[in-house]
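Here is the structure we will look at, set down as structure tokens.
All values derive from a computational prediction rather than experimental measurement.
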Amino acid sequence: MRIAYVCHYFPPEPAAPAARVHEFSRAWVQAGSVVSVITTFPNHPLGRIPAAYRGRWWSTERLDGIRVLRCWLYAVPNRGIGRRGLDHLSFMLTCLLFGLPRLGSVDLVIASSPTLFSAVAAWLIARVKRVPFVLEVRDLWPEAIVELGLMRPGMGVGLLRGLAGFLYRRASRVVVVTNAFADRLVAQGVPRSKLVVIPNGADMRLFEPTKSSGAATREALNLDGRFVVAYVGSHGLSHGLEAVLDAAQAQPEVTFLMVGDGADRERLLGERDRRHLDNVVMRPSVERAEVPGLYAAADACLVPLRDVPLFDTFVPSKLFEVLAAGRPVIGAVRGEAREILERSGGAVLVEPERGDQLAEAVERLRHDPELRAELGRRGRAFAEQQYDRTALASRYLDLLHEVVAERA
């Protein structure tokens with residue numbers, strides 16, 4: 001099968017969608033498919049294009065057998081709406097101008113959304129190639145933007161909602177990452193028969209607990225002898241990381257390690273310094289290969305979301321990675337994410353954006369090494385059984401074969 005995958009994010013960018021597209025595509029290549037990914041020049045989340053790509057409109061690369069067709073975009077930091085909108089629109093145009101002519105023959109086109117604009121480009125490519133179009137929905141747009149207060153209901157939101165509905169209707173299948181997303185789209189009129197749930201998962205080999213003791217990371221970050229609670233991921237408006245600072249203030253003997261970039265990072269840095277929280281260590285994003293070492297260096301790991309009703313439908317991808325890494329999870333989530341952690345047996349659960357509860361959970365784990373070890377064992381076993389990304393990739397590939405067969 002010849003697959004085209006259109007995604008705004010791709011390695012070496014540290015974003016979760018980049019890992020999903022890369023790991024699925026790699027598994028499909030290993031299964032005998034030919035995969036071409038149309039994506040941007042690396043720039044997320046800081047909006048800085050590496051020197052090797054500057055002054056170019058496009059490049060063609062190979063990664064793990066995947067043909068990577070990169071296109072120029074108007075790169076900006078991951079914050080704000082106006083300039084980010086131009087960022088997304090620019091890739092929609094260059095995807096068509098510089099990606100489509102290099103693509104060659106394909107059997108179907110997948111768009112990973114958000115963004116909706118790159119999904120429009122993918123639909124147009126599918127039309128030109130006369131092949132099926134599959135829409136993969138990782139976040140609900142524009143609902144998430146409105147819930148976070150980034151846009152107010154009005155003409156702009158209405159246009160985005162109409163665009164999302166248009167793409168749902170045109171897609172042969174709509175692949176969602178949670179059951180709650182599927183229920184929400186059914187309520188919006190998307191036929192249940194068109195919806196398929198392929199959740200996020202984790203690369204079980206990358207996050208194998210025995211591969212790293214975390215000692216080198218602890219030494220490099222001067223964490224030896226400390227009880228370490230880690231958050232690794234986007235410092236965005238959707239994560240409620242203010243509660244981590246609240247917990248750190250209540251637990252001065254614990255080191256809170258926060259690694260990542262995002263729209264809320266600068267504010268959090270300022271707030272940390274204002275409160276004189278010397279036990280909060282903040283580091284910028286790292287390459288994906290370094291993430292397992294960070295998890296291994298931690299005694300417990302955080303999986304938080306904001307206390308926003310829509311986020312009951314969200315499941316952070318880092319949840320599966322922490323479970324796979326065999327680390328105890330402190331989950332500050334509700335809805336489907338909370339249900340998964342309850343089933344995993346590998347987590348202590350608190351309410352979102354409650355620093356006091358987070359501090360209590362940290363204190364409990366700090367004084368109970370046997371509980372930490374048991375939570376880690378249970379979480380790893382659960383992830384292996386339910387959320388191995390290789391197995392999920394196989395399910396996804398079966399679906400793609402089904403879509404192509406229906407068109408034949």
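Counting non-hydrogen atoms of neighbouring residues, nucleotides and ligands closer than 6.0 angstrom, the CZ atom of R130 reaches no more than 12 such neighbours. The number of heavy atoms from other shown groups lying within 6.0 Å of CD (E253) does not exceed 12. Summarising the local packing, CZ of R364 is surrounded by 12 or fewer heavy atoms from other residues, nucleotides or ligands at distances under 6.0 Å. A 6.0 Å sphere centred on CG of N222 holds no more than 12 heavy atoms belonging to other residues, nucleotides or ligands. Few gaps surround CZ on R267; more than 12 heavy atoms of other groups in view lie less than 6.0 Å from it. Annotation for E384: atom CD counts as buried by contact number, over 12 foreign heavy atoms lying within 6.0 Å.
Between R389 and N200, the side chains place a donor N or O and an acceptor N or O closer than 3.5 Å (distance only, hydrogens not considered). Side-chain N/O atoms of R2 and S33 include no donor and acceptor closer than 3.5 Å. Side-chain contact, Y5 with E136: a donor N or O sits under 3.5 Å from an acceptor N or O. Looking only at atom types and distance, the side chain of Y387 has no donor-acceptor partner in the side chain of E321 under 3.5 Å away. Of the N and O atoms on the side chains of S112 and R138, at least one donor lies less than 3.5 Å from an acceptor on the other residue. At a cut-off of 3.5 Å, with distance as the only test, a side-chain donor of D261 or S285 sits close to an acceptor on the other residue.
Ion pairing between E406 and R173 holds under the 4.0 Å rule for side-chain N and carboxylate O. Salt-bridge check for R275 with E242: passed, with a basic side-chain N closer than 4.0 Å to an acidic carboxylate O. Look at R26 and D203 and you find a salt bridge, because one of the NZ, NE, NH1 or NH2 atoms lies within 4.0 Å of a carboxylate O, short of that distance. Note on D246 versus R354: no salt bridge recorded, every NZ/NE/NH1/NH2 to OD/OE distance being 4.0 Å or above. Here E13 does not pair with R288 in a salt bridge; the nearest charged N to carboxylate O distance is not below 4.0 Å. Salt-bridge check for E208 with R205: failed, with every basic side-chain N at 4.0 Å or more from each acidic carboxylate O.
The main-chain N or O of L365 is found under 3.5 Å from a side-chain atom of R372 such that the two form a donor-acceptor pair. Of the possible polar contacts, one joining the T94 side chain to the W72 backbone as a donor-acceptor pair under 3.5 Å is found. The closest donor-acceptor contact from the side chain of E61 to the backbone of V68 lies at 3.5 Å or more, if one exists at all. A donor-acceptor contact shorter than 3.5 Å links the side chain of R380 to the backbone of M204. The closest donor-acceptor contact from the side chain of R218 to the backbone of L294 lies at 3.5 Å or more, if one exists at all. Using modelled atom types, no side-chain atom of R170 and backbone atom of V120 make a donor-acceptor pair closer than 3.5 Å. A donor-acceptor distance shorter than 3.5 angstrom exists from the side chain of T40 to the backbone of H8, with no hydrogens or angles considered.
C95 has its side chain within reach of V6: a pair of non-hydrogen atoms, C-beta onward, lies under 4.5 Å apart. Side-chain contact between F256 and Q251 is present, with heavy atoms from C-beta onward closer than 4.5 Å. Side-chain contact between N279 and R226: present, with at least one pair of heavy atoms (C-beta onward) separated by less than 4.5 Å.
Ring centers of F320 and F207: at least 6.0 Å apart, outside the cut-off.
Aromatic ring pairs are classed by plane angle as parallel below 30°, tilted from 30° to 60° and perpendicular above 60°; the pair W28 and F24 is parallel.
Geometrically, R343 does not engage F382 in a cation-pi contact defined by less than 6.0 Å to the ring centre and at most 45° from the axis.
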Checking ring-ring contact (aromatic ring centres under 6.0 Å, His included) for the pair Y74/F91: CA distance, chi angles, key distance, verdict? CA-CA 8 Å; Y74 173 66; F91 175 58; over 10 Å; no
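For the pair L277 and Q249, the tightest heavy-atom approach, listed with the atom from each and the gap, is CD2-CA, 3.8 Å. In this structure, D64 and H22 approach most closely via the heavy-atom pair OD2-NE2, 2.7 Å.
Partner L63 forms a side-chain contact (heavy atoms from CB on, under 4.5 Å) with one of P11, S25, P12 and no other, that one being P11.
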